[in-house]
Amino acid sequence: MQKRILAYGRLSEAQLAQLDRDFEVQTFPGLESADDPAFLAALPKAHGLVGSGLPITLELLDSAPNLEAIATISVGYDGMPVDELTRRGILLCNTPDVLTETTADTGFALILAASRRVVELADFVRRGDWQASIGEAQFGSDVHGKTLGMIGFGRIGAAVARRGALGFGMRVLYSNASPKPALEQELGAERRTHDSLLAEADIICVTVPLTAETEHLIGAHEFGLMKPSAIFVNIARGRVVREADLIAALEKGQVRAAGLDVFEQEPLSPESPLPHMPSVVALPHAGSATYETRDAMAQRAVDNISRALQGQRPISLVNEAAWRP
Ligand code: NAP
């Protein structure tokens, strides 16, 4: 009997064909909640799930007693009950590496856009307000040669810092759980405590994962430490930042501008003041959203689930403790 996979992420025809060769595959394109009756009916016989955005609840796991593996099409796995999956012997696989450079590109796009007021000035031209040479009221701040403070210095953090150090002649500071001597060597990066980084950096970019420790890591106290000229960029997860405190800091001029790809609530509520603030560049969680990278992420997830259900170690396994070779 072939094992069954429920696919609710965006997979190409070739990727579905790859799964079809070895498994029975049922697709649920665009599924965001497990309430879908067809999905609920399919869960009891499912061995694998592949997709993103679906909350994996204990109820869902209870309805899927045959589940062996979940392949999320994302590197972040906040919201996944990792300990519970491990307890049940269910492998959790993610998609690191293949999205690192694209997400770093997005981070740098936000750094440049927020510093140089790209969106605000483009809107100014679009509205027909460009009637004379622009003056100080439209000036931005430099990126090259500034001090970049990375909060989180893993794969994506290092890739953003590499762009800054090598492309823009920036000095790099970082605060991270562990020291990164190889990156210090490569980029001349200097480790700082969280608070001294916030006080010293001109541009602050957040790339830590969302965990119990990092939830609301940046709030009023932290914004208070930043320079009034600071540019703040978040490409990690919205809940790493207390959004109300960020709004207050921008309103008070405690920081100059923000580039945000992620928000506490997604999609962002139309009531949120953030996208209406001229000093904010807001993106719809588009960090990895290119044709090439989303395809590579889906391929990684397909390879992960295939290997997991065939008894081979998945390429990217989150919960090593659940792996029984
Ligand atoms: P990663 O390689 O695991 O890097 C995360 C870094 O954060 C690691 O260096 C880790 O330290 C550090 N860290 C973890 N907890 C910390 C804490 N409490 N205090 C200080 N540092 C801490 O992950 P990645 O691939 O760079 O991805 C990072 C995050 O970016 C993902 O988890 C995801 O949430 C987010 N992301 C967003 C998008 C988007 O579309 N905007 C796309 C991709 C990823 P150690 O090295 O010491 O473990």
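First listed ligand is number 1; within each ligand, the first listed atom is number 1. Numbers here are sequence positions counted from 1.
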For residues 295-303, tabulate all N or O donor-acceptor pairs below 3.5 Å that involve a side-chain atom, not counting sequence neighbours.
from	atom 1	to	atom 2	distance (Å)
D295	OD1	Q15	NE2	3.3
Q299	OE1	Q15	NE2	3.3
Q299	NE2	Q18	OE1	2.8
Q299	NE2	D303	OD1	3.0
R300	NH1	S316	OG	2.7
D303	OD1	Q18	NE2	3.0

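- Using a cutoff of 4.0 Å between basic side-chain nitrogens and carboxylate oxygens, D62 and R88 are scored as salt-bridged.
- Under 3.5 Å, the side chains of E243 and H216 contain no donor-acceptor pair of N or O atoms.
- Residues F153 and Y174 bring their aromatic ring centres within 6.0 Å.
- Side-chain contact check for S272 and S269: no donor-acceptor pair (N or O, by modelled atom type) lies under 3.5 Å.
- Where the criterion is an N or O separation shorter than 3.5 Å, residue side chain and backbone included, S178 meets it with respect to ligand 1.
- Side chains of H285 and E266: a donor-acceptor N/O pair is present below 3.5 angstrom, by distance only.
- Residue contacts with ligand 1, taken as heavy atom pairs separated by less than 4.0 Å, involve R237 solely via side-chain atoms from C-beta onward.
- Looking only at atom types and distance, the side chain of T106 has no donor-acceptor partner in the side chain of T103 under 3.5 Å away.
- Not one N or O of S175 is nearer than 3.5 Å to an N or O of ligand 1, by distance alone.
- Closest heavy-atom approach to atom 29 (C) of ligand 1 among the candidates T207, L283, I235, L183: T207.
- No N or O atom of G76 sits closer than 3.5 Å to an N or O atom of ligand 1.
- Between T103 and ligand 1, not a single N/O pair is under 3.5 Å apart.
- Under 4.0 angstrom from ligand 1, the non-hydrogen atoms of N176 come from both its backbone and its side chain.
- Looking at ligand 1, you won't find any N or O of L210 less than 3.5 Å from one of its N or O atoms.
- Ligand 1 is approached by K180 to a heavy-atom distance shorter than 4.0 Å.
- Atom 23 (O) of ligand 1 has its nearest heavy-atom neighbour, among R155, H285, H194, in R155.
- Between V208, D261, N234, it is V208 that holds the heavy atom closest to atom 13 (N) of ligand 1.
- Between the side chains of R191 and S175, no donor-acceptor pair of N or O atoms lies under 3.5 Å.
- At a 3.5 angstrom cut-off on N or O pairs, T211 does not count as close to ligand 1.
- Neither the backbone nor the side chain of T100 has a heavy atom within less than 4.0 Å of ligand 1.
- Using a 4.0 Å cut-off between charged nitrogen and carboxylate oxygen, R116 and D142 do not count as a salt-bridge pair.
- Nearest-residue assignment for atom 7 (O) of ligand 1 (options G154, P209, G238; heavy-atom criterion): P209.
- When the shell of 6.0 Å around CD of E215 is examined, it contains more than 12 heavy atoms from other residues, nucleotides or ligands.
- Where the criterion is an N or O separation shorter than 3.5 Å, residue side chain and backbone included, A177 meets it with respect to ligand 1.
- When non-hydrogen atoms are compared, ligand 1 lies under 4.0 Å from the side chain of T214 (C-beta onward) but not from its backbone.
- Scanning the protein heavy atoms around atom 35 (C) of ligand 1, the nearest turns out to be A236 O, 3.6 Å.
- Applying the 6.0 Å contact sphere to CZ of R126 captures no more than 12 heavy atoms from other residues, nucleotides or ligands.
- Residue-to-ligand polar distances keep V75 apart from ligand 1: every N/O pair is separated by 3.5 Å or more.
- The minimum heavy-atom distance linking D261 with G287 is given by the pair OD2-N, 2.8 Å.
- Checked by distance only, ligand 1 and E213 come closer than 3.5 Å through their nitrogen or oxygen atoms.
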Acceptor/donor pairs from residues 223-230 side chains to any protein atom, 3.5 angstrom cut, sequence neighbours excluded:
from	atom 1	to	atom 2	distance (Å)
K227	NZ	E200	O	3.2
K227	NZ	D202	OD1	2.8

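- Remark: minimum distance from atom 30 (O) of ligand 1 to any protein heavy atom is reached at I156 CD1, 3.9 Å.
- Ligand 1 places these atoms under 4.0 Å from at least one heavy atom of F153: 9 (O).
- At least one heavy atom of S288 lies less than 4.0 angstrom from ligand 1.
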